[in-house]
**Student:** 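Sending over a structure as structure tokens; questions will come in a sec.
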Amino acid sequence: MRWGRSQSAGSGIRAGGTGRRDDAATAAGTAPKRTGTIAQLRNPPGGSDARRMLAALFLDRVGNGVWSSALVLYFSVVSHLSAGRIGALLGIAGLVGIAGAPVAGALAERYPVRTILVACHLIRVLTLCAVPLCHGFVPLLAVTTATTLCDRGSKTMEIVFAGQAAGEQRATYRALSRVVMNAAYALGAGLSAIAVAVGTSGVYEAVVVGNGLSYLAVAALVMRTKRREPGRVAASAGDGAQKAKARGRNPWRDPGYLLFVLLDVFLNLDDAILMVGVPLWAVTRTDAPHAVIPAVMVINTLMCVFLQMPVSSRVAGARAAARAACWYGVALLAGCALIAGSSHGGAVVATVTLLLAAVVVTAAELVRSLVSWELAVSLAPADAQASYLGVAGMAQAIERSAGPVALSTVVLAAGPVGWLGLGVVVTGLGVVQRVASLRRLEQKAVPAAGGAATAVA
């Protein structure tokens, strides 16, 4: 999922310098020369601020990997909740958590991103450390919902930070962050596996408290980044009329942007397919051994770590991202066709087919991550990007709440036809996303060109 730069898209939220030469080069749109992922991690777009934020992302995602891999067992073994109550708890928390992205985006129009991020991390320290003290469904629902709200809000602020720190090089920064986050998730899942192997209540409680306390280190790293003014203010400092105009921009009254967000919900389904659809399908409708499920996860993680940067170099610019939306749909259709075909044949055929499907769907994911983020920034007005990005952040949150339900109740129930139908629908929506996004980029380019002509005159 990558995107690049486009003159019509502007420079996103203005980058703030750090006083270093590499930061100045980034702000000027000329990235320092890099060779390979390791070199770019040492000298990422955004300079020292980006390095600190990437380190914060690593710690954050290690904790997320530990907790997400163990939370169901925690609620079952330690809190003694039934399967139905665990499902209800996670479902309600996920639905309420959708509001975290737009709320954080609206706050970022008035307060620095650094302040909001630190607040989100500190709240998570409190809510996660409170989990062992909560007994019963309602208290656990309260702390889990608060944690989910802050998690969704922090992810939106990470996107805003990328625009501020990396500017036109945000595609490269996004690719680097994806590499870091996938490696961190893998480490977190491994640490969680050790805890699950022990399996005692004390170990589970230590896991959740340790995860909560880790956000103190995350917040400390974020605090070391440069304090930047809110996106709206930075874009209109000293100009009252421009500030009023920025305040008047409302993503909820922008049909074109809302269409992008709606379509993006469906163009994020690769996550639910790999995490829920393939495992359920493999177990219930194929002869593949259960070992194929962790193999699918390993393939996904390795491809995201090693191929995200090469893919990002091929999706450069807002227009390229819009065009790539079509290829996402085509790749997902191919993956769905392979999944559908895995139900015909023995264990060997099913295993090979599902592993090929994992490769193809992961390839679609690599493209989608760039497309979604680049278009979210490029299609938003430059003077109100934080609030717009908050609304865009709802797409993935909605997909993660509704996607697993749709796959398990509709697609899987329909069998191979359901998978093929899903692929066809997503491919069609990818075409719509491409056409609508290119049209909006053209519309944004016209006023920009007019303003430039006036300045020259």
**Student:** Just by distance, do the side chain of Ser378 and the backbone of Leu375 share a donor-acceptor pair under 3.5 Å?
**Tutor:** no

**Student:** Taking the side chain as C-beta and beyond, is there a heavy-atom pair between Ile273 and Ile339 under 4.5 Å?
**Tutor:** yes

**Student:** Is the shortest side-chain heavy-atom distance between Trp252 and Pro102 below 4.5 Å?
**Tutor:** yes

**Student:** Could you check Val222 against Arg52 for side chain to side chain contact (heavy atoms under 4.5 Å, CB included), going step by step and ending with a plain yes or no?
**Tutor:** CA-CA 7 Å; Val222 174; Arg52 293 184 183 110; over 6 Å; no

**Student:** With Asn300, which residues qualify under side chain to side chain donor-acceptor pair (under 3.5 Å), at least two apart?
**Tutor:** Thr362, Glu365

**Student:** Identify the two heavy atoms, one from Ala340 and one from His344, that lie closest to each other, and give their separation to 0.1 Å.
**Tutor:** O-CD2, 4.0 Å

**Student:** Once rounded to the nearest 0.5 Å, what's the spacing between atom CZ of Arg227 and atom CZ of Arg114?
**Tutor:** 6.5 Å

**Student:** What residues form a side chain to side chain donor-acceptor pair (under 3.5 Å) with Tyr388, not counting sequence neighbours?
**Tutor:** Asp254

**Student:** Which pairs count as side-chain hydrogen bond (donor to acceptor under 3.5 Å, both in side chains) when at least one residue sits in residues 179-207, sequence neighbours excluded?
**Tutor:** none

**Student:** Considering residues at least two apart in sequence or located in another chain, which fulfil the ring-ring contact (aromatic ring centres under 6.0 Å, His included) criterion with Tyr74?
**Tutor:** Trp67

**Student:** State the CD1-OG1 distance between Ile92 and Thr148, to the nearest 0.5 angstrom.
**Tutor:** 11.5 Å

**Student:** Go through the structure and list residues passing ring-ring contact (aromatic ring centres under 6.0 Å, His included) with Tyr173, not counting sequence neighbours.
**Tutor:** none

**Student:** Determine whether Leu128 and Thr147 make a side-chain contact, defined as any pair of heavy atoms from C-beta on separated by less than 4.5 Å.
**Tutor:** yes

**Student:** Under 3.5 Å, which donor-acceptor pairs link side chains of residues 408-425 to any protein atom two or more places apart or in another chain?
**Tutor:**
{"from": "Ser408", "atom 1": "OG", "to": "Pro404", "atom 2": "O", "distance (Å)": "2.9"}
{"from": "Ser408", "atom 1": "OG", "to": "Val405", "atom 2": "O", "distance (Å)": "3.2"}
{"from": "Thr409", "atom 1": "OG1", "to": "Val405", "atom 2": "O", "distance (Å)": "2.6"}

**Student:** Ile293 and Ala282: which non-hydrogen atoms are nearest, and at how many Å?
**Tutor:** CG1-CB, 4.5 Å

**Student:** What residue pairs, at least two apart or across chains, pass side-chain hydrogen bond (donor to acceptor under 3.5 Å, both in side chains) with a residue in residues 83-93?
**Tutor:** none

**Student:** If you define the side chain from C-beta out and look only at heavy atoms, does anything of Asn43 sit under 4.5 Å from Arg51?
**Tutor:** yes

**Student:** Restricting to non-hydrogen atoms, name the atom on Thr301 and the atom on Ala186 that form the minimum distance, rounded to 0.1 Å.
**Tutor:** CG2-CB, 3.9 Å

**Student:** Measure across Thr156 and Gly390 and return the closest heavy-atom pair with its distance rounded to 0.1 Å.
**Tutor:** CG2-CA, 3.6 Å

**Student:** Would you say Gln396's side chain and Asn268's backbone share a donor-acceptor pair under 3.5 angstrom?
**Tutor:** no

**Student:** Please give me the minimum heavy-atom distance between Val360 and Ala334, naming the atom from each residue.
**Tutor:** CG1-CB, 4.0 Å

**Student:** Sequence neighbours left out, what passes side chain to side chain donor-acceptor pair (under 3.5 Å) with Thr225? Give chain and number order.
**Tutor:** none

**Student:** Should the heavy atoms of other residues, nucleotides or ligands under 6.0 Å from CZ of Phe266 be counted, would the total exceed 12?
**Tutor:** no

**Student:** Quick test of your reading: applying salt bridge (Lys or Arg N to Asp or Glu O under 4.0 Å), list the pairs with at least one residue in residues 392-411, sequence neighbours left out, ordered by first then second residue.
**Tutor:** Asp271-Arg400

**Student:** Without hydrogens or angle criteria, can the side chains of Arg110 and Ser387 be said to hold a donor-acceptor pair below 3.5 Å?
**Tutor:** no

**Student:** Between the side chain of Gln433 and the main-chain N/O of Phe260, is any donor-acceptor distance below 3.5 Å?
**Tutor:** yes

**Student:** Quick one: does any side-chain atom of Arg178 pair with a main-chain N or O of Val305 as donor and acceptor, under 3.5 Å?
**Tutor:** no

**Student:** Return the CD to CD distance between Gln169 and Gln40, rounded to the nearest 0.5 Å.
**Tutor:** 9.5 Å

**Student:** Is the backbone N or O of Leu141 less than 3.5 Å from a side-chain atom of Thr145, with the two atoms forming a donor-acceptor pair by type?
**Tutor:** yes

**Student:** Do Pro44 and Leu54 have side chains that get closer than 4.5 Å, going by heavy atoms?
**Tutor:** yes

**Student:** May I ask you to say whether Glu158 pairs ionically with Arg61, meaning some side-chain N is under 4.0 Å from a carboxylate O?
**Tutor:** yes

**Student:** According to the side-chain hydrogen bond (donor to acceptor under 3.5 Å, both in side chains) rule, which pairs have a member within residues 275-285, sequence neighbours left out?
**Tutor:** Trp281-Ser342

**Student:** Tell me the salt bridge (Lys or Arg N to Asp or Glu O under 4.0 Å) pairs involving residues 132-153, sequence neighbours left out?
**Tutor:** Arg124-Asp151, Asp151-Lys155

**Student:** Measuring from Met394:CE to Leu262:CG, what's the distance to the nearest 0.5 Å?
**Tutor:** 10.5 Å

**Student:** Looking only at heavy atoms, which two atoms of Asn64 and Asn211 are closest? And how far apart?
**Tutor:** N-OD1, 4.3 Å

**Student:** Less than 4.5 Å apart, side chain to side chain, heavy atoms only: is that true for Leu59 and Tyr215?
**Tutor:** no

**Student:** With sequence neighbours left out, write down each residue that passes side chain to side chain donor-acceptor pair (under 3.5 Å) with Thr351, or none if nothing qualifies.
**Tutor:** none

**Student:** Less than 4.5 Å apart, side chain to side chain, heavy atoms only: is that true for Ser214 and Val66?
**Tutor:** no

**Student:** Using the side chain to side chain contact (heavy atoms under 4.5 Å, CB included) rule, take Leu338 and Leu354 through it: C-alpha gap first, then chi angles, then the decisive distance, then the call.
**Tutor:** CA-CA 7 Å; Leu338 287 168; Leu354 287 174; over 6 Å; no

**Student:** Output yes when a side-chain donor or acceptor of Ser76 lies under 3.5 Å from a complementary backbone atom of Leu73, and no otherwise.
**Tutor:** no

**Student:** Between Thr115 and Val118, is the side chain to side chain contact (heavy atoms under 4.5 Å, CB included) condition met? List the steps.
**Tutor:** CA-CA 5 Å; Thr115 301; Val118 169; over 6 Å; no

**Student:** Measuring from Leu221:CG to Leu57:CG, what's the distance to the nearest 0.5 Å?
**Tutor:** 10.0 Å

**Student:** Drop me the distance from Leu302's CG to Ile299's CD1, to the nearest 0.5 angstrom.
**Tutor:** 8.5 Å

**Student:** Should Val125 and His121 be marked as a side chain to side chain contact (heavy atoms under 4.5 Å, CB included) after you check the CA-CA gap, both sets of side-chain angles, and the distance that decides it?
**Tutor:** CA-CA 6 Å; Val125 173; His121 295 319; 5.7 Å; no

**Student:** Can you find a heavy atom in the side chain of Val371 that is under 4.5 Å from one in the side chain of Leu267?
**Tutor:** no

**Student:** Between Thr286 and Ala288 (side chain of the first, backbone of the second, donor and acceptor by atom type, cut-off under 3.5 Å), is there such a pair?
**Tutor:** yes

**Student:** Donor-acceptor pair, distance only, cut-off 3.5 Å: does the side chain of Asp264 make one with the backbone of Ala395?
**Tutor:** no

